[in-house]
2 protein chains.
Amino acid sequence: MTSAELAKCMDTNPVVVRRTMAGLREAGFVSSEKGHGGGWEIACDLQKVTLRDIYDALGSPSLLAIGINLENPECLVEKAVNRSLTGAFADAEALLVKRLAGVTLAALAEEFRATARRHRTRMSR
Amino acid sequence: MTSAELAKCMDTNPVVVRRTMAGLREAGFVSSEKGHGGGWEIACDLQKVTLRDIYDALGSPSLLAIGINLENPECLVEKAVNRSLTGAFADAEALLVKRLAGVTLAALAEEFRATARRHRTRMSR
DNA sequence: TATCACGCATCATCTAATGTTACATGACAC
DNA sequence: GTGTCATGTAACATTAGATGATGCGTGATA
């Protein structure tokens, strides 16, 4: 599929698609071809790649909305909060990453197909 | 303390302090007095109130940076991801809330005092 | 050689959070 | 009572990060 097609599918624009896919390409999960007939193609074993791999390929951004503020290391109140919660944040993030690792792209594809089957059945009623 | 004093302490401004403290006041954790000599005062038992209570008083905002996108319920890919990860997000958030509930304000105050002691010792060397 | 599609730098827009201003209200001191 | 101080709140301004858009270069195909 081309970036333009993908962009239409997810209601965004081609450049944003390229920006995001760039990480996946560097990780080897997709490949891209320039020129006439070019576009994006899956380049990995869906059974082997998990959402954790995708997460890492996209730069492993923080999964938590709040976190430790390290900008004012001299603030004693902040330090007290940090000491009390650093472990909790780390544990929660680790838990999430672990769950991401439990979902392969193949499993997602199967989920998709199952939903699509239900969808078609409902439509044909 | 007045909102202006608190604002100076945390490098923000009085109105933002009032906005935030409003939630804590409604929950009964602090009280405020208008007029001359007014300001904010703690109005709860530090042993009994936890960071979870504070979190709830502030409106229980999402603790996760990413989450389930419910805006396009007809997107089958999105649905597949949601089915696969909803539990993980819920578990991670529950874990965090549990840890917040394990930290009383009294414990935070004690952490603060301990750090302050170390701070003074280092200063006097 | 014309067309198509990605790669990428640059700039524009949008949005949520934060900061600011203004004014009303209540409390205390004199 | 009147001046001062502080909160309560609405309305507006600013900021920062994400997202979107444009332009141009490069490679591939017909």
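Naming: A, B, ... by sequence-line order, numbering from 1 per chain. The structure presented is a predicted model; accordingly, all values stated were derived computationally and were not measured.
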(request) Kindly point out which of C/dC6, D/dT9, C/dT25 is positioned nearest to the side chain of B/Val15? (result) D/dT9
(request) Whole angstrom is fine here: how far is it from CG in B/Asp11 over to P in C/dT20? (result) 10 Å
(request) Verify the distance criterion only: is there a donor paired with an acceptor across the side chains of A/Asp56 and A/Ser60 at less than 3.5 Å? (result) yes
(request) In whole angstrom, give the distance that lies between atom CD1 of A/Ile66 and atom C1' of C/dA17. (result) 16 Å
(request) Tell me which nucleotide among C/dC6, D/dG8, D/dT19 gets nearest to the side chain of A/Lys34. (result) C/dC6
(message) Does C/dG7 have its OP1 or OP2 closer than 4.0 Å to a side-chain nitrogen or oxygen of A/Arg18?
(response) no
(message) Suppose we call a contact any N or O donor and acceptor under 3.5 Å apart; does that hold for the side chain of B/Arg19 and the base of D/dG8?
(response) no
(message) If the threshold is 4.0 Å, N to carboxylate O, is there a salt bridge linking B/Arg113 and B/Glu110?
(response) yes
(request) Check the distance between C/dG7's P and A/Leu24's CG and give it to me in whole angstrom. (result) 12 Å
(request) Among the candidates C/dT3, D/dG8, D/dA21, find the nucleotide nearest to the side-chain atoms of A/Asn13. (result) D/dA21
(request) Calculate the interatomic distance between A/Leu6 atom CG and C/dA5 atom C1'; express it in whole Å. (result) 12 Å
(request) Give the intermediate values and the outcome of side-chain hydrogen bond (donor to acceptor under 3.5 Å, both in side chains) for residues B/Trp40 and B/Thr2. (result) CA-CA 6 Å; B/Trp40 299 91; B/Thr2 68; over 6 Å; no
(message) I need the minimum non-hydrogen distance between A/Leu51 and A/Leu105, along with the two atoms involved.
(response) CD2-CD2, 4.2 Å
(message) Without decimals, in angstroms, what is the distance between A/Glu5 CD and C/dC4 P?
(response) 13 Å
(message) Does a side-chain N or O of B/Thr12 approach OP1 or OP2 of C/dG19 to a distance below 4.0 Å, or not?
(response) yes
(request) Would you indicate whether B/Leu58, at its atom CG, is surrounded by more than 12 heavy atoms from other residues, nucleotides or ligands within a distance under 6.0 Å? (result) yes
(message) Looking at A/Ser3, I'd like to know whether one of its side-chain N or O atoms comes within less than 4.0 Å of OP1 or OP2 on C/dC6.
(response) yes
(request) Ignoring the backbone of A/Arg25, work out which of C/dG7, D/dT7, C/dT20 is nearest its side chain. (result) C/dG7
(message) Does D/dG8 have OP1 or OP2 under 4.0 Å away from a side-chain N or O of B/Ser32?
(response) yes
(message) What is the separation between atom CE on A/Met10 and atom P on D/dG20, rounded to the nearest whole Å?
(response) 11 Å
(request) For A/Glu33 and D/dT29, give me the distance from atom CD to atom P, rounded to whole Å. (result) 7 Å
